[in-house]
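Written out below as structure tokens is the structure these notes cover.
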Amino acid sequence: MRLRYKSWAIPEMQENEYIFFDPIENKGRWSEIFGNDNPIYLEIGAGRGRFAITSASQNPNINYIALEMDANAFVYAARLFKEEALPNLYGVRTVAQRLLEFFTEGEIDKIYINFCNPWPKNRQHKKRLSHPRFLELYKIILKKGGQIELKTDDRPFFDDTVRYFQDSGLELLDVDYDLDANKNGNIVTEYETKWRSQGVKINYVKGIF
Ligand SMILES: C[S@@+](CC[C@H](N)C(=O)[O-])C[C@H]1O[C@@H](n2cnc3c(N)ncnc32)[C@H](O)[C@@H]1O
């Protein structure tokens with residue numbers, strides 16, 4: 001779903017102390033920014049932020065960073081982050097391709113990717129957030145033993161993703177082709193709500209490096 005362009009989205013987010021834009025100065029300093037040594041979980045493609053805000057409010061001993069490139073969606077996440085003012089949640093408006101500019105080696109404990117664009121055409125596959133070229137970046141910023149969890153409605157994309165995980169050296173801890181909405185404290189995202197309401201099965205994979 002492409003959201004209408006909002007000329008006010010970026011200026012509004014620039015006034016929001018919970019949102020960083022391309023924060024190269026934070027690389028290697030995220031624990032300092034959160035003010036503690038708690039684990040840091042990164043969500044990539046956070047959209048309107050429901051998953052991140054629910055996760056952060058339910059888990060105060062984990063720090064969360066929600067990353068998203070689309071200001072038109074992320075401005076709603078930014079509003080929520082400011083309203084809730086949680087000390088363990090920040091947003092970053094940027095593209096995942098630039099992760100190594102903002103995170104140092106082993107700075108992240110877990111990565112979540114929820115309902116990212118499946119890019120079905122062969123020539124588009126390299127844009128997939130689970131493509132091996134992204135997994136290479138994730139492996140660098142994740143601690144040894146760091147995990148990646150991914151959910152999607154799209155079965156062909158999911159099957160490719162499971163293969164990408166295996167080919168990139170991730171050990172599969174869980175593969176589920178019909179994720180129960182309540183399994184292991186699953187936190188439902190905006191897109192997940194939409195797909196579940198249409199009876200679409202949700203695929204889930206968890207891997208560890
Ligand atoms: C289909 S939406 C899902 C949003 C949310 N995760 C959910 O489940 O409701 C996928 C999101 O990933 C973002 N995205 C896709 N590629 C990205 C990239 N390379 N860097 C940052 N965000 C990206 C898109 O802008 C979009 O907001």
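On a predicted model such as this, the values are computed, not experimentally measured, just so you know. One-based numbering, in listed order, for ligands and for the atoms of each.
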* **CA sep, side-chain torsions, deciding dist, call: Leu89, Tyr41, side chain to side chain contact (heavy atoms under 4.5 Å, CB included)** => CA-CA 10 Å; Leu89 174 61; Tyr41 290 6; over 6 Å; no
* Taking the six-membered ring of Phe21, is NZ or CZ of Arg93 closer than 6.0 Å to its centre and within 45° of its axis? -> no
* **Step-by-step side-chain hydrogen bond (donor to acceptor under 3.5 Å, both in side chains) determination, Asn203 to Thr152** => CA-CA 5 Å; Asn203 304 278; Thr152 181; 5.5 Å; no
Considering only N or O atoms, set out every pair between ligand 1 and the protein closer than 3.5 Å, with distances to one decimal place.
residue	atom	partner	partner atom	Å
ligand 1	6 (N)	Gly45	O	2.8
ligand 1	6 (N)	Asn114	O	2.9
ligand 1	8 (O)	Asn114	O	3.4
ligand 1	8 (O)	Thr189	OG1	2.7
ligand 1	9 (O)	Thr189	OG1	3.4
ligand 1	9 (O)	Glu190	N	3.4
ligand 1	9 (O)	Tyr191	N	2.9
ligand 1	19 (N)	Gln97	OE1	3.0
ligand 1	20 (N)	Ala96	N	2.9
ligand 1	22 (N)	Met69	N	3.4
ligand 1	25 (O)	Glu68	OE2	2.5
ligand 1	27 (O)	Glu68	OE1	2.8
ligand 1	27 (O)	Glu68	OE2	3.0

* Asked: Between Glu101 and Lys27, is the closest basic N to carboxylate O distance under 4.0 Å?
  -> no
* **Residue of the set Phe81, Tyr64, Phe34 for which ring pair (Phe, Tyr, Trp, His ring centres under 6.0 Å) holds with Tyr90** => Phe34
* With sequence neighbours excluded, give me every salt bridge (Lys or Arg N to Asp or Glu O under 4.0 Å) pair touching residues 161-170. => Asp160-Arg163
